[in-house]
Each structure stands twice: as structure tokens, then as C-alpha cells.
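Data block below; observations after.
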Amino acid sequence: MISIHGLTKRFGDFQALAGVELDVPEGTVQGLLGPNGAGKTTTVRVLTTLLAPDSGDVRVAGRSVQTEGHLVRRNLGVSGQYAAVDEKLSGFENLTMVGELYGMRRSDAKARARELLRDFRLDEVSDSKQAGSYSGGMKRRLDLAGAIVARPPVVILDEPTTGLDPRGRRDTWDAIESLATAGTTVLLTTQYLDEADQLADSIAVIDSGAIIAEGTAAELKAQA
């Protein structure tokens, strides 16, 4: 569902990506593990069509990010490092708005919002509170729900537990596990080996803009 071959990107004299190679099969969770500056977010920006690569072949759900960006975006849900929610709206209003932006009928958007709020354990506060009053973990769960309103086959999560306390982190892990159980293909970037170990079917380690190791958590630990 995600195919990256020979991906390069340079910013002036800085080589951000130096021939990234990665294939993510349908219905799996792929961890992309690396420190700050390793190339994780640059890779995500290319996959989400926000940044044009210098070279390489990059595809999401069989569509080229270089030439079929509009079709890539139809098949993709994204959650960034910080929860992108309208803090003046309730959880229900946030998700209904997202559904309508995707072109859903208002009645369908409302029904989908109710379904997701229940699935992400937000239904008790969905109408009564503005999202700005939610805890960090609740905002993150709402943001993840927003990424799958239109039921995209591929979801990209860029360091989704950044800045969360242990409870919020655990809640976010639960939400990601729910995505995987539903058969969604997930690319998860993270700095934390325990997070990749917990959530990912396979882990690719990126450093200096290139994949330097790949395998299951057990395989990578055996190589260390």
C-alpha cells in the first residue's frame, strides 16, 4: 500500500533523504524509527504530497505522489505531531465538519462522527465540552478519529504521542491498535523503540536520510 524506492530530497547543502527504500504491505503497521533529524517527517511530507521529492518513485495505494497527488490524498488519512482540532467546537462538531469537508452528506457525516466518538471513547464529552477543554490524550484521540472519517485505506501517523503524559500515550496506543485491527494500513513514525515494539508489525530504522535496518522488533534486537 506504500511503496518508496530511491527517494531523495535535498535542502540546499543538506541531504535530508538519501535513497529511502520502504514497502508497506496492505493491512500492516509499519514503524519508522529514528531520532530527530533522521528524515522521518520529510518522508511523511513527501508521502502526503506536501513536498515534492528530488528523485525516486513514491506511491500510496498504487498512486504516484508525483503525478497523481489528488488520488493519493483521497486514499490517505494523516495525523501530525500535534492534534489538529478546532478547540472552539465540540468533538462531535469537529468530526462532522471533517466529514462534510470530505464531501459526505451532513446526515452521513453526523452518523460517522457518532460512530467514531464511541469507538475512541469520547462519546461522553462529545457534545457537552469544547475540544479546547479536552486533555492531551483526548485531543489526540479526536485527531486520530478525524484522520479516518472518510475510511481511508492508508493512515500516516507522525510521532502521534509527542508531548503526551503516560495515560495519554496509552490511550493513543489503544486507538492505533484499533486502526490496525480494522485492517487499516498504518505508517507510524516514532523516536521510541518501545512504541514501535508495541504497535508495529515491522520496523524500519532511519538515520541520516536512509533506511539502515529493517525487521520485526525481535529481529532488530537480535542484531543489536
Side-chain angles (χ1 to χ4, degrees), residues 1-7 9 16-48 50-51 53 56 58-61 65 72 75-83 120 137 140-141 143-145 147-148 152-164 166 168-224:
M1 289 296 278
I2 296 176
S3 174
I4 304 174
H5 295 286
L7 172 59
K9 184 63 185 182
L17 299 175
V20 173
E21 300 278 340
L22 187 65
D23 285 294
V24 183
E26 183 177 359
T28 63
V29 179
Q30 174 70 56
L32 187 60
L33 176 69
N36 283 333
K40 301 188 302 297
T41 296
T42 302
T43 301
V44 167
R45 292 182 67 197
V46 171
L47 285 168
T48 55
L50 295 175
L51 185 68
V58 183
R59 296 178 181 273
V60 175
V65 302
V72 168
N75 287 284
L76 192 61
V78 182
S79 179
Q81 294 183 18
Y82 303 99
F120 283 83
R140 173 53 68 191
R141 297 206 307 275
D143 187 55
L144 290 174
I148 62 169
V154 180
V155 173
I156 295 178
L157 309 176
D158 189 17
E159 300 192 18
T161 60
T162 296
L164 294 183
R169 193 172 185 227
R170 180 67 256 181
D171 285 345
T172 302
W173 284 11
D174 289 344
I176 295 169
E177 288 172 341
S178 296
L179 292 181
T181 300
T184 306
T185 303
V186 178
L187 177 67
L188 166 73
T189 77
T190 181
Q191 300 181 48
Y192 308 115
L193 179 57
D194 64 328
E195 184 162 274
D197 192 357
Q198 174 73 25
L199 299 172
D201 298 302
S202 179
I203 301 169
V205 181
I206 187 170
D207 195 22
S208 301
I211 303 297
I212 60 172
E214 189 172 0
T216 65
E219 290 168 344
L220 293 178
K221 290 174 184 177
Q223 295 172 24

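Note that the coordinates shown come from a computational prediction; the quantities given were computed from them, not determined experimentally.
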Heavy atoms of Ala18 and Ala210 approach each other most closely as O-CB, 4.0 Å
Practice problem: Would you sort out whether Val154 and Leu187 count as a side chain to side chain contact (heavy atoms under 4.5 Å, CB included), showing the intermediate values? | Solution: CA-CA 8 Å; Val154 180; Leu187 177 67; 6.0 Å; no
Residues 177-198 vs salt bridge (charged side-chain N to carboxylate O under 4.0 Å, His left out), sequence neighbours excluded, gives Arg169-Asp194, Arg169-Glu195, Arg170-Glu177, Asp197-Lys221
So CD1 of Ile156 and CG of Leu188: to nearest 0.5 Å the spacing works out to 11.0 Å
Determine all donor-acceptor pairs shorter than 3.5 Å in which one atom belongs to a side chain in residues 28-39; sequence neighbours excluded.
from	atom 1	to	atom 2	distance (Å)
Thr28	OG1	Pro25	O	2.7
Gln30	NE2	Ser202	O	3.2
Asn36	OD1	Gln191	NE2	3.0

Shortest non-hydrogen pair, Gly209 vs Val20, comes out as O-CG2, 3.3 Å
So CG of Asp23 and CE of Met1: to nearest 0.5 Å the spacing works out to 13.0 Å
Residues pairing under salt bridge (charged side-chain N to carboxylate O under 4.0 Å, His left out) where one sits in residues 28-43, two or more places apart or in two chains, turn out to be Lys40-Glu159
dist Thr172:OG1 -> Arg140:CZ (nearest 0.5 Å) comes out at 6.5 Å
Interatomic distance, CD1@Ile203 vs CD@Glu214, rounded to 0.5 Å, equals 10.0 Å
*Tell me, with the steps shown, if Thr189 and Ile206 meet side chain to side chain contact (heavy atoms under 4.5 Å, CB included).*
CA-CA 10 Å; Thr189 77; Ile206 187 170; over 6 Å; no
Interatomic distance, CG@Asp171 vs CD1@Ile176, rounded to 0.5 Å, equals 11.0 Å
Around atom CD of Glu26, are there more than 12 heavy atoms of other residues, nucleotides or ligands at under 6.0 Å?
no
Would you check if the side chain of Thr216 reaches a backbone N or O of Glu219 as a donor-acceptor pair within less than 3.5 Å? yes
Tightest non-hydrogen contact, residues Leu179 and Val186, listed as CB-CG2, 4.3 Å
Discussion item. I'd like to check Ile2 versus Leu22 (side-chain heavy atoms, cut-off strictly below 4.5 Å). Are they in contact?
Written reply: no
Tightest non-hydrogen contact, residues Gln198 and Trp173, listed as CG-CE3, 3.4 Å
Here the gap from Ile211 atom CD1 to Thr43 atom OG1, rounded to the nearest 0.5 Å, amounts to 7.0 Å
Looking at Thr190 and Tyr192, would you say the former's side chain and the latter's main chain have a donor-acceptor pair under 3.5 Å? yes
